[in-house]
Protein chains: 2
Amino acid sequence: MTKPNAPARAKPSPRVPKPEAGYHHGELQEALIAASEAILAEHGAEGFTLREAARRAGVSPAAPSHHFGNAQGLLTEVAIRGYNALAGALRDAASRKQGAREKLHAQGLAYVEFALRHPGRFQMMFANKRLVADDSRLRQASRAAGREFEAIIAELVGGTPKEAKTAAAAAWSTVHGFAKLALEEKFGSLSSEAGYREIMTTLNHVLNYLWPAGDARR
Amino acid sequence: MTKPNAPARAKPSPRVPKPEAGYHHGELQEALIAASEAILAEHGAEGFTLREAARRAGVSPAAPSHHFGNAQGLLTEVAIRGYNALAGALRDAASRKQGAREKLHAQGLAYVEFALRHPGRFQMMFANKRLVADDSRLRQASRAAGREFEAIIAELVGGTPKEAKTAAAAAWSTVHGFAKLALEEKFGSLSSEAGYREIMTTLNHVLNYLWPAGDARR
DNA sequence: TGCCTAACTTGACACTGTTCAGATTGCGGG
DNA sequence: CCCGCAATCTGAACAGTGTCAAGTTAGGCA
């Protein structure tokens, strides 16, 4: 029950080894990442444990070090994928709308929704001390996600690049702060789906307040 | 060298016991809280350890449990004091200015300054999983700090209580998100005083952008 | 076929938070 | 004055953590 990869039907492709061999797991990197994401989903960022990830992947506690160096290395990989998923969600949300303001609102909703639906992963993405903070791929993934914002912002505010940068910082701060405060239950309980929806409508009001329709700063 | 309280000169006041007696420390609660705050200041929220706090207070690792139950209890006390300090900083900042908009800007700067000057304490205040999240005194302290915002916001936006609540959520989200992102170095390095000042001017731009002088929503 | 090397295990170490029985202390009541 | 008792703190233990060095296995290439 704990192993995520039930051998429903052994893949017939010849080069994929059986996932449960003794030594030589074969796909340990992927298995460890998947296990880590499962732990984050189940127990949040504070509940992650390298040994538990190894346990779920069916290997000894020392095995991950050969692939990721240490726990920070593994979590960095998880965070990179998280940023990629976030960037995808932001891009998706914007692509479904027309007009810069509508795109930005949709991105804000998508950002908070991502945070509330995957709290552990989200918190870990922004837990610099638990990651290899200066990893170039991590920084790149983070900046790529940020650029999804900046692209829409530039479309919305026009103006000089400096103005656009300010507006992007403002937008990111708003949705990030809202997500963080919501996750700490500062806007009410999150345990029920009703509470979740209430918080999302509060977010809608906030976005309408800070980025109104006929914005003179446009 | 690790003990913060060097017995420079034994206080002559009769009722204060010597701080280094064997059993019966006398002021253990305060000593543990002070030690915890020192650890947070030196090593951040991730660096806190109950045993280290006990060590600095000159006491066995089991001693704190008699006063705070467990590590969460001690950290909850630290967080309460943090919220009180934050509320004081917000009140101070507002009291130095005239006009609702100026007060709000000053509060925003004070909020971020608090976060950047005391990162460990700030992060711990919002680390629900490491605190007794439903402690009534903690909730009260948190709401008291929030009210410092709401008071100014109500003055600024007027309108219905619902509008004021929306605006307060917007303001808190903005400064909280900015502080969190700044602490994760998403706006540049924080290691130098120059970087710190640059980030604070960015915050100024953000505040001017989101709450401009001649705000039509006022 | 045989061997080299990457992949993984084993066992250990220094930590962590928490529990529990017992030692110590000082305060209040006689 | 002093003595019992409750509050306070210790010491040792336990289960669990991340990481390292050294040993073992097996996949694939010569």
Side-chain angles (χ1 to χ4, degrees), chain A residues 2-3 13-33 35-36 39-40 42-78 124 127 129-132, chain B residues 2-3 13-33 35-36 39-40 42-78 124 127 129-132:
Chain A
T2 78
K3 301 274 181 63
S13 68
R15 277 313 179 94
V16 174
K18 319 154 191 146
E20 303 288 342
Y23 279 57
H24 287 75
H25 183 284
E27 296 170 332
L28 189 52
Q29 285 100 328
E30 289 305 318
L32 285 170
I33 291 170
S36 302
I39 295 171
L40 292 180
E42 291 173 30
H43 305 301
E46 310 278 337
F48 172 83
T49 277
L50 182 61
R51 285 180 113 105
E52 172 66 15
R55 235 172 271 137
R56 293 193 185 207
V59 294
S60 83
S65 77
H66 295 280
H67 294 278
F68 299 101
N70 53 18
Q72 292 191 357
L74 171 54
L75 289 174
T76 299
E77 205 59 42
V78 171
M124 193 60 85
K129 295 233 172 111
R130 308 195 61 179
L131 310 176
V132 183
Chain B
T2 78
K3 300 273 182 63
S13 67
R15 278 313 180 93
V16 173
K18 320 160 185 134
E20 302 288 344
Y23 278 58
H24 285 75
H25 183 285
E27 296 172 332
L28 226 202
Q29 286 100 329
E30 289 306 317
L32 284 170
I33 291 170
S36 302
I39 296 171
L40 293 180
E42 291 173 30
H43 305 301
E46 309 280 337
F48 172 83
T49 276
L50 181 61
R51 286 180 110 105
E52 173 66 15
R55 234 172 271 139
R56 293 192 185 208
V59 102
S60 85
S65 77
H66 296 282
H67 293 277
F68 299 101
N70 54 19
Q72 291 191 355
L74 171 54
L75 289 174
T76 299
E77 205 61 40
V78 171
M124 193 60 85
K129 294 233 174 114
R130 306 194 62 180
L131 310 176
V132 184

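These numbers come from a predicted model, not from an experiment. Numbers restart at 1 for each chain; the letters A, B, ... are given by sequence-line order, proteins then strands.
Contact detail for His43(A) and Arg56(A): the closest heavy-atom pair is NE2-NH2, 4.0 Å. Considering every non-hydrogen atom in both Leu40(B) and Ala45(B), the closest pair reads CD2-CA, 3.8 Å. When every heavy atom of Ala53(A) is checked against every heavy atom of Ala35(A), the shortest pair comes out as O-CB, 3.7 Å. Here the closest heavy-atom approach between residue Leu28(B) and residue Ala63(B) is recorded as CD1-CB, 4.1 Å. Annotation for Ile33(B) and Glu77(B): closest pair CD1-CG, 3.5 Å, computed over non-hydrogen atoms.
Side-chain atoms of Gln29(B) never come within 3.5 Å of backbone atoms of Leu74(B) as a donor-acceptor pair (strictly under, hydrogens ignored).
In this entry the distance linking CZ of Arg55(A) with C1' of dC8(C) reads 17 Å, nearest Å. Atom pair Glu27(B):CD and dC9(D):C1' shows a separation of 16 Å (rounding to whole Å applied). We find that CD of Gln29(B) is positioned 12 Å from C1' of dC9(D), with the value rounded to whole Å. We find that CD of Glu52(A) is positioned 18 Å from P of dA15(D), with the value rounded to whole Å.
Under the 4.5 Å side-chain criterion, counting only non-hydrogen atoms from C-beta, Phe68(A) is not in contact with Val132(A). Val78(A) has its side chain out of reach of Met124(A): every pair of non-hydrogen atoms, C-beta onward, lies at least 4.5 Å apart.
Residues of residues 60-75 of chain B that place a heavy atom closer than 4.0 Å to DNA chain D, in numerical order, are Ser60(B), Ala62(B), Ala63(B), His66(B), His67(B). Across residues 43-51 of chain B, Thr49(B), Leu50(B), Arg51(B) each have a non-hydrogen atom less than 4.0 Å from an atom of DNA chain C (numbered order).
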